[in-house]
Amino acid sequence: MDTHTTSAPAPTPSPRCCIAGGGPAGMVLGLLLARAGVPVVVLEKHLDFLRDFRGDTVHPSTLEVLHELGLLDAFLQRPHNRIEELRGTYEGRGVTIADFRRLPTHARFLVLMPQWEFLDFMCDEARRYPGFELWTDAEAVGLLQDKGRVNGVKVRVGARSPDSGGPKDIELHASLIVAADGRHSTLRDAAALPHISYGAPIDVLWMRIPKLPGDPEATGGHIAAGHLLVTLNRGDYWQCAFVIRKGGSAELQSRGIAAFHAEIARIAPFFATRLPEALPDWEAVKLLEVSVDRLESWSCPGLLCIGDAAHAMSPVGGVGINLAVQDAVAAANLLAASLAGNATDKEIDNLLPQLQRRREWPVRVTQAAQRLVQDRVLMPVLSRKAAASTAPRPMPWPLRLLGRWPWLRTLPARAVGIGVRAEHVQSPRA
């Protein structure tokens, strides 16, 4: 896959903005700033975007941003699956949980697309503007400062390229550094920005299972026998998330992979015969250690944090990418004109706290909802033992309401698909 890379040395002239992290937040912000005429460099520490088990859900609010940029039709030419409703099973009984077809957006569906396709598309569009550069195999490993203000990053290049001659560190200066380098952000730690950690009672095991003729088509969740399995229809395979108690991976592995196959088969019997081949050992199962946290301050002079670097989200609802993209749009709305113009460093610094004032409330509300679901829904499910009787348990009342009144399904669709305070593109186009 061509990611249109530029290797060190530093560009000439130096960029106005440097974004550490080539994920959704970094690439969307890079595109929007380049579109506004801002010289910008995005640093991606890997050689390309090809990595499994990154978030693959593109929400209607993100599709609306693409529509506002005139890119939606081109984006939907990329390989993807459209999800108009989310379905689930509870003790073998089906229920529709969310219906996106009534949302007030141009795209009334979720898109499941490998994240590398999404990032590659954003890179292609950003490269249309002369001020954009993407460096791969370029990891931001430290901050540069002058008189108490961040004015650049130390970049380690060549650490992953076999023919690079070995890693070396270079300095890259810019008026603004944006940390979009994820929940384990090196730059936010380097700036010693304090954060609030809420912990999480769950972890998630990710895996791929082949899709066969006769399988159900719906993306959704399956609850049975004290377990929760989320299945995402990816066309020729299922991307699956098996929810476990925090720290429970070692105990699960101690029982052996065959016992794990049996647990999945109890939840989703149609998987039973293909599990030994699909998951021959624990190497085929990837652990996501769930954390929920939020920075007390998203910025300091010369540095701004967005996306997971500012607020790590739970996988509940799959809204992490949505929040990151919304941060990027809001940051471009706030900063693009100043960065494209002659604003001084002090004028840029004065703008940075406004992003937190704009975006912190949606993050707080979303994290509170995720923690509520974790504590009041997921943990009771995981604590429940397999029933001795073969009679199914009564369906929980929220699921019964969704089954009885279809119009209620728009509420979870809106919460997942649009979220709190959706952002719209207001940044200029040069």
Task: E263 with R255: basic N within carboxylate O range, under 4.0 Å - done: yes

Open item on the list: Test of understanding: with ring-ring contact (aromatic ring centres under 6.0 Å, His included), list the residues that count as partners of H106, not counting sequence neighbours.
Closed with: H67

TODO: Under the side-chain contact (heavy atoms from CB on, under 4.5 Å) rule, what do W135 and V41 come out as? Steps first, then yes or no, please.
DONE: CA-CA 7 Å; W135 292 9; V41 168; 4.0 Å; yes

- [ ] Only counting residues at least two apart or in another chain, list the ones meeting ring-ring contact (aromatic ring centres under 6.0 Å, His included) with H227.
- [x] F242

TODO: Evaluate the side-chain proximity of P194 to L295: yes if any heavy-atom separation is below 4.5 Å, no if none is.
DONE: no

- [ ] Might you confirm whether atom CG of D73 has over 12 heavy atoms from other residues, nucleotides or ligands at distances under 6.0 Å?
- [x] no

For residues 319-331, which side-chain donor-acceptor pairs fall under 3.5 Å, sequence neighbours excluded?
| from | atom 1 | to | atom 2 | distance (Å) |
| --- | --- | --- | --- | --- |
| N322 | OD1 | S61 | OG | 2.3 |
| Q326 | OE1 | E423 | N | 2.4 |
| D327 | OD1 | R359 | NE | 3.0 |
| D327 | OD2 | G307 | N | 2.9 |
| D327 | OD2 | H311 | NE2 | 2.5 |

Task: The single option from R364, R357, R358 passing salt bridge (charged side-chain N to carboxylate O under 4.0 Å, His left out) against E360 - done: R364

- [ ] Kindly indicate whether the side chain of R414, heavy atoms from C-beta on, has any atom under 4.5 Å from the side chain of P104.
- [x] yes

TODO: Decide yes or no for L193 and W298: does some side-chain heavy atom of the first lie under 4.5 Å from some side-chain heavy atom of the second?
DONE: no

Open item on the list: Applying side-chain hydrogen bond (donor to acceptor under 3.5 Å, both in side chains) as the test, list every pair that has at least one member in residues 23-42; sequence neighbours left out.
Closed with: none

Task: Minimal non-hydrogen separation, L352 against G302, with atom names - done: CD1-N, 4.2 Å

Task: R371 (side chain) donor-acceptor with S314 (main chain) under 3.5 angstrom - done: no

Task: Enclosure of R234 CZ (heavy-atom neighbours >12, cutoff 6.0 Å) - done: yes

Open item on the list: Can you confirm whether D203 sits close enough to S249 that some side-chain heavy atom of one is under 4.5 Å from a side-chain heavy atom of the other?
Closed with: no

TODO: To the nearest 0.5 Å, tell me how far R16 CZ sits from L335 CG.
DONE: 10.5 Å

TODO: Decide whether E347 and S338 meet the rule of one side-chain donor and one side-chain acceptor closer than 3.5 Å.
DONE: no

Open item on the list: Could you work out, with ring-ring contact (aromatic ring centres under 6.0 Å, His included) as the rule, every residue matching W361, not counting sequence neighbours?
Closed with: none

- [ ] Nearest 0.5 Å please: distance from the CH2 atom of W282 over to the CZ atom of F260.
- [x] 5.0 Å

Open item on the list: Can you confirm whether D56 sits close enough to L232 that some side-chain heavy atom of one is under 4.5 Å from a side-chain heavy atom of the other?
Closed with: no

Task: Straight-line distance of L71 CG to D124 CG, nearest 0.5 Å - done: 11.0 Å

Open item on the list: Tell me whether the NZ or CZ atom of R208 lies within the 45° cone about the ring axis of Y237 and under 6.0 Å from its centre.
Closed with: yes

- [ ] Examine distances only and state if a side-chain atom of K346 and a backbone atom of A343 form a donor-acceptor pair shorter than 3.5 Å.
- [x] no

Task: R274 side chain vs P210 backbone, donor-acceptor pair below 3.5 Å - done: yes

Task: Derivation and outcome, salt bridge (Lys or Arg N to Asp or Glu O under 4.0 Å), residues E125 and R128 - done: CA-CA 6 Å; E125 295 302 323; R128 298 179 186 275; 2.9 Å; yes

Open item on the list: As a test of understanding, state which of T219, D215, N233 forms a side-chain hydrogen bond (donor to acceptor under 3.5 Å, both in side chains) with W238.
Closed with: D215

Open item on the list: Quick check on Q354: does its CD atom have over 12 non-hydrogen neighbours (other residues, nucleotides or ligands) under 6.0 Å away?
Closed with: yes

- [ ] Scan side-chain atoms only and decide if E68 and H424 contain a donor-acceptor pair under the 3.5 Å cut-off.
- [x] yes

- [ ] With side-chain contact (heavy atoms from CB on, under 4.5 Å) as the test, would you mind laying out the steps for E139 and D181 before giving the verdict?
- [x] CA-CA 9 Å; E139 180 179 5; D181 51 343; over 6 Å; no

Open item on the list: side-chain contact (heavy atoms from CB on, under 4.5 Å) for L144 and D146? Distances and angles first, verdict last.
Closed with: CA-CA 7 Å; L144 305 174; D146 180 45; over 6 Å; no

Open item on the list: Taking atom CD as the centre, does E296 end up with more than 12 heavy-atom neighbours from other residues, nucleotides or ligands that are less than 6.0 angstrom away?
Closed with: yes

Open item on the list: Can a donor-acceptor pair be found, under 3.5 Å and without considering hydrogens, that links the side chain of S383 to the backbone of P380?
Closed with: no

Task: Check: L31 and Y129 side chains under 4.5 Å, non-hydrogen atoms - done: yes

TODO: For residues P201 and Q374, report the shortest heavy-atom separation together with the two atoms involved.
DONE: CD-NE2, 3.4 Å

- [ ] Determine yes or no for a side-chain-to-main-chain donor-acceptor pair under 3.5 angstrom, with N333 supplying the side chain and Q426 the backbone.
- [x] yes

Open item on the list: Just verifying a value: how many Å separate L176 CG and N151 CG, rounded to the nearest 0.5 Å?
Closed with: 11.5 Å

Task: Test item: H46 side-chain N/O and G22 main-chain N/O as donor-acceptor pair under 3.5 Å - done: no

Open item on the list: Looking at every heavy atom in both P216 and K211, which two are closest together, and how far apart are they?
Closed with: O-CE, 4.1 Å

Open item on the list: For H184, I'd like to know if atom NE2 has over 12 heavy atoms of other residues, nucleotides or ligands within 6.0 Å.
Closed with: no

TODO: Side-chain contact test, heavy atoms from C-beta onward, threshold under 4.5 Å: evaluate it for E84 versus F109 and give yes or no.
DONE: yes

TODO: Can you run down the salt bridge (charged side-chain N to carboxylate O under 4.0 Å, His left out) pairs that involve residues 310-322, sequence neighbours left out, and say none if there aren't any?
DONE: none

Task: Pair E85 + R102: basic N to acidic O under 4.0 Å - done: no

Task: Residue of the set V40, V178, V153 for which side chain to side chain contact (heavy atoms under 4.5 Å, CB included) holds with C18 - done: V153

TODO: Would you please test V373 and L378 for side-chain contact (heavy atoms from CB on, under 4.5 Å) and show each step?
DONE: CA-CA 6 Å; V373 171; L378 299 186; 4.3 Å; yes

Task: Minimum-distance pair of heavy atoms, taken over all atoms of V290 and K246 - done: O-NZ, 2.5 Å

TODO: Might you point out which heavy atoms bring A25 and I306 nearest each other, and give the distance in Å?
DONE: CB-CD1, 3.9 Å

- [ ] Measure the spacing between OG of S291 and CD1 of I202 and express it to the nearest 0.5 Å.
- [x] 11.0 Å

Open item on the list: Could you tell me if the side chain of Q115 sits less than 4.5 Å from the side chain of F49, heavy atoms only?
Closed with: no

Open item on the list: Could you measure the distance from the OG1 atom of T105 to the NE2 atom of H59? Nearest 0.5 Å is fine.
Closed with: 12.0 Å

TODO: Answer yes or no: is there a donor N or O on one side and an acceptor on the other, between the side chain of R188 and the main chain of A309, under 3.5 Å?
DONE: yes

Task: Closest non-hydrogen atom pair, F100 against I83 - done: CD1-O, 3.7 Å

